[in-house]
Amino acid sequence: MGGCFSKPKPVEVKVELSLLEKEREVSSSSLVTVLCSPVEVKVKVEVEVELSSVEVKVEVEVEVEVEVEVEVELSSLEVKVEVKVEVEVEVEVEVEVELSSLEVKVEVKVELSLLEKEREVDALSPNGKASPLGDRRPNGAPGHCSDEEAPPPRLSSKPRDYVEATICHVKDLENGQMREVDVGSGRALLIKEHGEFSAIAHKCPHYGAPLVKGVLSKGHIRCPWHGACFNIASGELEDFPGLDSLATFQVRVEKDKVIIRANKQALQAQKRSKPMSRCSAVISSNTGFSHVLIIGSGPAGLVCAETLRQEGFTDRIVMVTADRHPPYDRPKLSKSLESTAEQLRLRSPEFLQDHDIEVLTEREVAVVDVKMRAVTFVDGSRMEYRKLFIATGSRPRPMSYQGMDVANVFHLGTPDDANSIARLANNRNAVVVGTSFIGMEVAAALTDKAHSVSIIGIESIPFKKALGEKVGKAIMKLFEANRVKFYMLNEVSEMKGQHGELKEVVLKSGKMLRADVCVIGTGSVPASGFLKHSGIHMDSKGFITVNKAMQTNVEGVFAGGDVVAFPFPQRNNKKVNIPHWQMAHVHGRVAALGMMGKPAEVQTVPYFWSAMFGKSIRYAGYGEGFDDVIIQGDLEELKFVAFYTRGEEVVAVASMNYDPIVSRVAEILGSGKLIRKRDVETGDISWLSDKSSQ
């Protein structure tokens with residue numbers, strides 16, 4: 001027995017992998033991904049050679065746990081994998097490996113270098129979906145992280161880090177049904193569509209909405225609260241708002257039982273960020289040059305930066321903002337006045353640093369020189385760029401009155417403003433000027449803090465232009481029921497102070513209102529004044545005009561968010577301004593893809609929301625210029641749906657206490673289908689919740 005060769009030779013060997021449980025039948029044409037990372041291994045080899053045969057037998061003892069990534073095609077009862085082992089002898093290897101709860105036979109192709117130093121590889125979360133036929137296939141987008149705040153620990157594939165549970169019988173769910181289920185260490189959303197099961201996180205990463213109440217359609221699920229879309233197979237974020245994708249979990253069917261196997265960390269996290277590249281250039285942070293310079297730190301700017309990294313961009317990215325704080329959730333400012341900048345942040349400083357997205361705060365741009373490809377800041381410093389993305393948003397609409405120097409009068413723009421408003425209004429008198437969504441939200445938020453809250457409006461009814469007179473009146477009654485006084489068809493003449501601090505607001509009608517703090521919410525205008533002599537084209541209202549790829553008239557200069565007018569497909573590419581948080585996300589992604597030479601265009605249904613007194617208004621579509629409003633439901637009870645029409649077509653929808661109807665309408669409009677006025681006039685809108693509409 002025994003034999004040796006004059007030099008080492010690579011050989012192909014057969015390996016039997018024996019698992020802990022008995023074999024089960026598997027269908028053909030199925031795919032399994034087994035995950036591992038190469039590690040340092042030591043082997044003990046016993047060689048038995050039959051000289052008359054080409055087959056050599058070896059026993060290999062692996063002294064450390066090895067995790068391998070192998071794609072295996074399952075056919076009949078055996079899984080065969082080819083393993084290429086380079087050792088000092090020709091060998092046939094017998095290895096026991098635990099892959100899952102089934103027993104398979106595998107022939108594996110592996111390059112084994114003895115005592116090789118461990119190499120780091122990204123851990124991929126084993127995600128799967130299953131049909132009642134018993135096939136197993138990947139269900140997750142590889143390389144996602146499970147936590148937005150910091151690079152998470154690699155998800156281990158050790159059995160103790162996973163939980164497995166039998167959930168239900170295959171017939172317990174009909175096609176198109178969803179069920180939130182307990183997996184032991186957390187909850188998941190089980191979905192059945194076209195006879196196949198998928199399991200994903202049960203909460204939307206944006207604000208935590210229960211996705212079981214969302215809209216399932218054609219391989220994705222739409223959030224019931226704010227309209228974000230996720231692929232049910234990969235968990236990938238397909239439409240905004242929000243920054244993260246969903247965690248996904250393995251599903252299989254055995255003996256008509258649906259079984260979910262999930263990583264415990266992923267169950268707890270529920271979300272994961274897309275994999276991103278890092279900057280490979282060695283550049284000092286003091287260098288006055290950036291390959292991509294982003295002006296503005298809102299959702300458009302942040303999504304632009306993250307998309308560039310997700311698409312493999314490895315040069316420098318710098319984001320500059322006049323704000324004191326890095327990117328934060330601005331819509332929450334008017335709804336949660338006491339929240340700090342840290343509580344509202346969209347990404348932690350560690351996350352931005354780990355992905356080489358530099359953020360320079362309190363850096364206001366004064367001039368853009370497109371010929372020199374450089375910007376000059378208010379402090380006199382300068383930075384050159386190769387690509388520029390302008391996402392400066394909007395600024396408060398100027399308002400003229402006497403007493404402009406009186407203190408405690410605010411335009412809500414930052415967390416510091418919000419915190420000051422909440423503090424000054426405590427048990428005192430608050431006045432809100434303007435019936436914009438921000439103004440009304442601030443008034444609602446102050447009612448449980450202030451002694452009194454008054455609203456001054458130039459129109460007769462709040463939201464009349466945006467939501468129509470009937471809906472506006474219903475919301476006005478809600479405010480009046482919560483002690484808010486309205487002074488409509490009125491304007492401010494003077495802010496009167498005592499010792500420099502506000503004491504009264506004087507109206508043009510002569511009425512005087514006691515006030516210790518005043519918030520002005522009379523609308524906004526584009527923050528584009530610094531571009532006046534830049535050569536970048538703007539329309540008569542000051543909006544930067546862009547093409548479908550969010551590029552301006554100047555090569556290499558892109559723009560997005562509230563500051564732009566862009567071609568809107570649902571209005572035959574008429575250039576419009578849609579100042580929605582969700583739309584800004586879309587603009588950032590489209591601009592980044594354009595910079596990368598991967599042209600895209602806006603393909604989304606506008607979606608926004610407002611919250612007052614614990615009740616939410618949801619709105620989808622583009623209702624500018626609507627000529628009629630069809631109301632279904634009960635306005636008095638604030639449980640209604642309002643359909644906004646132009647001619648014979650429904651162009652937008654709003655609702656209160658009627659989820660997920662706005663998301664369902666967004667799904668229909670997003671598919672390119674028309675909703676006719678006659679379809680919603682009948683009073684029967686049950687067809688909107690019929691599965692056949694999915």
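Here the NE2-CG distance, from His585 to Leu302, works out to 7.5 Å after rounding to the nearest 0.5 Å. A distance of 8.5 Å separates CG in Leu467 from OG in Ser610, rounded to the nearest 0.5 Å. Taken from CD1 in Ile232 to NZ in Lys192, the straight-line distance is 13.0 Å, to the nearest 0.5 Å. Note: Lys575 NZ to Asn547 CG = 7.0 Å, rounded to the nearest 0.5 Å. One distance of note links CD of Gln270 with CG of Leu189; it measures 9.5 Å at 0.5 Å rounding. In this structure, CG in Asp417 is found 6.5 Å from CZ in Phe410, a value given to the nearest 0.5 Å.
The side chain to side chain donor-acceptor pair (under 3.5 Å) search around Tyr644 returns none, not counting sequence neighbours.
A side-chain donor from one of Asn231 and Glu238 sits under 3.5 Å from a side-chain acceptor of the other. Between the side chains of Ser663 and Tyr607, at least one donor-acceptor pair of N or O atoms lies under 3.5 Å. A donor-acceptor pair shorter than 3.5 Å can be found between the side chains of Thr604 and Gln582. Side-chain contact check for Ser493 and Gln402: no donor-acceptor pair (N or O, by modelled atom type) lies under 3.5 Å. Asp416 and His325 share a side-chain donor-acceptor pair at under 3.5 Å.
Ionic pairing of Glu469 and Lys473 is present here: one or more N-O contacts between side-chain nitrogen and carboxylate oxygen are shorter than 4.0 angstrom. At a threshold of 4.0 Å, the pair Arg483-Asp448 does not count as salt-bridged, since none of the basic side-chain nitrogens sits closer than that to a carboxylate oxygen. Taking the charged nitrogens against the carboxylate oxygens, Glu459 and Lys464 have no contact shorter than 4.0 Å, which rules out a salt bridge. Looking at Glu636 and Lys477, a side-chain N of the basic residue comes within less than 4.0 Å of a carboxylate O on the acidic one, giving a salt bridge. In this structure, Glu236 pairs ionically with Lys274, as a charged nitrogen and a carboxylate oxygen lie closer than 4.0 Å.
Inter-residue side-chain proximity for Tyr622 and Arg571 is flagged as met; some heavy-atom pair is nearer than 4.5 Å. Taking the side chain as every heavy atom from C-beta outward, Met612 and Lys335 never approach each other to under 4.5 Å. Counting heavy atoms from C-beta outward, Asn553 and Ile536 have side chains that approach closer than 4.5 Å. A heavy-atom distance below 4.5 Å is not found between the side chains of His537 and Ile544. Contact annotation: the side chain of Lys615 approaches that of Leu478 to within less than 4.5 Å [non-hydrogen atoms, C-beta and beyond]. Considering only heavy atoms from C-beta on, Val629 stays 4.5 Å or farther from Lys470 through its side chain. Inter-residue side-chain proximity for Phe568 and Ile578 is flagged as met; some heavy-atom pair is nearer than 4.5 Å. The shortest side-chain heavy-atom distance between Tyr401 and Met495 falls under the 4.5 Å cut-off.
Leu635 and Ala474 get closest at one heavy-atom pair: O-CB, 3.9 Å. Among all heavy-atom pairs drawn from Ala422 and Leu337, the shortest one is CB-CB, 3.9 Å. Shown here for Glu601 and Pro569, the closest heavy-atom pair between the two residues is OE2-CG, 4.5 Å. In this structure, Glu441 and Pro331 approach most closely via the heavy-atom pair OE1-O, 4.4 Å. For the residue pair Val602 and Met550, the shortest heavy atom distance occurs at CG2-SD, 4.3 Å. Considering every non-hydrogen atom in both Ile461 and Gly472, the closest pair reads CG2-C, 3.4 Å.
Of the residues His580, Met583, His226, Arg589, the one that meets the side-chain contact (heavy atoms from CB on, under 4.5 Å) test with Phe240 is Arg589. Of the options Thr392, Thr321, Asp323, a side-chain hydrogen bond (donor to acceptor under 3.5 Å, both in side chains) to Ser297 is made by Thr321 and by none of the others. Here the rule is side-chain contact (heavy atoms from CB on, under 4.5 Å) with Cys223, and of Cys204, Cys229, Pro210 only Cys204 fits it.
Under a 3.5 Å cut-off, the side chain of Glu637 and the backbone N or O of Asp634 do not form any donor-acceptor pair. Side chain of Arg646 to main chain of Phe626: no donor-acceptor pair is present (N/O by atom type, distance under 3.5 Å, no hydrogens or angles). Without hydrogens or angle criteria, Asp679 side chain to Leu674 main chain gives no donor-acceptor distance under 3.5 Å. Looking at Asn175, its side chain does come within 3.5 Å of a backbone N or O of Gly195 through a donor-acceptor pair. Looking only at distances, no side-chain donor or acceptor of Thr307 sits under 3.5 Å from a matching main-chain atom of Cys304. Between the side chain of Asp539 and the backbone N or O of Lys541 there is at least one donor-acceptor pair closer than 3.5 Å. Without hydrogens or angle criteria, Ser528 side chain to Leu531 main chain gives no donor-acceptor distance under 3.5 Å. Formation of a donor-acceptor pair under 3.5 Å by the Asn419 side chain with backbone atoms of Ser339 is found in this model. A donor-acceptor pair under 3.5 Å is formed between the side chain of Asn577 and the backbone N or O of Val564. For the pair Ser336 (side chain) and Leu333 (backbone), a donor-acceptor distance under 3.5 Å is absent.
Annotation: Phe613 is in aromatic contact with Phe479 [ring centroid separation under 6.0 Å]. Ring-centre distance between Phe608 and Tyr619: below the 6.0 Å cut-off. Ring to ring, Trp581 and His587 are not that close: their centroids are 6.0 angstrom or more apart.
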Give the intermediate values and the outcome of side-chain contact (heavy atoms from CB on, under 4.5 Å) for residues Asn490 and Ile458. CA-CA 5 Å; Asn490 237 312; Ile458 196 170; over 6 Å; no

In sequence, state the C-alpha distance, the side-chain angles, and the governing distance for Arg330 and Asp562, and then conclude on salt bridge (charged side-chain N to carboxylate O under 4.0 Å, His left out). CA-CA 13 Å; Arg330 194 173 295 272; Asp562 293 5; over 6 Å; no

May I have the step-by-step check of side-chain contact (heavy atoms from CB on, under 4.5 Å) for Asp329 and Leu346, ending in yes or no? CA-CA 6 Å; Asp329 193 340; Leu346 296 173; 4.0 Å; yes

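Within 6.0 Å of CD1 on Ile475 lie more than 12 heavy atoms contributed by other residues, nucleotides or ligands. More than 12 heavy atoms of other residues, nucleotides or ligands shown are found within 6.0 angstrom of NZ on Lys598.
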Without placing hydrogens or testing angles, list every side-chain donor-acceptor pair under 3.5 Å for residues 512-524, not counting sequence neighbours.
unit_1 : atom_1 : unit_2 : atom_2 : d
Asp516 : OD2    : Asn429 : N      : 3.0
Asp516 : OD2    : Asn429 : ND2    : 3.4

Hey, can you pull the donor-acceptor pairs under 3.5 Å for the side chains in residues 647-660, sequence neighbours left out?
unit_1 : atom_1 : unit_2 : atom_2 : d
Asn657 : ND2    : Leu638 : O      : 2.7
Asp659 : OD1    : Arg618 : NE     : 2.8
Asp659 : OD2    : Arg618 : NE     : 3.2
Asp659 : OD2    : Arg618 : NH2    : 3.0

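Note that Lys332 lies in the cation-pi zone of Tyr207, set by a 6.0 Å cut-off to the ring centre and a 45° limit from the axis.
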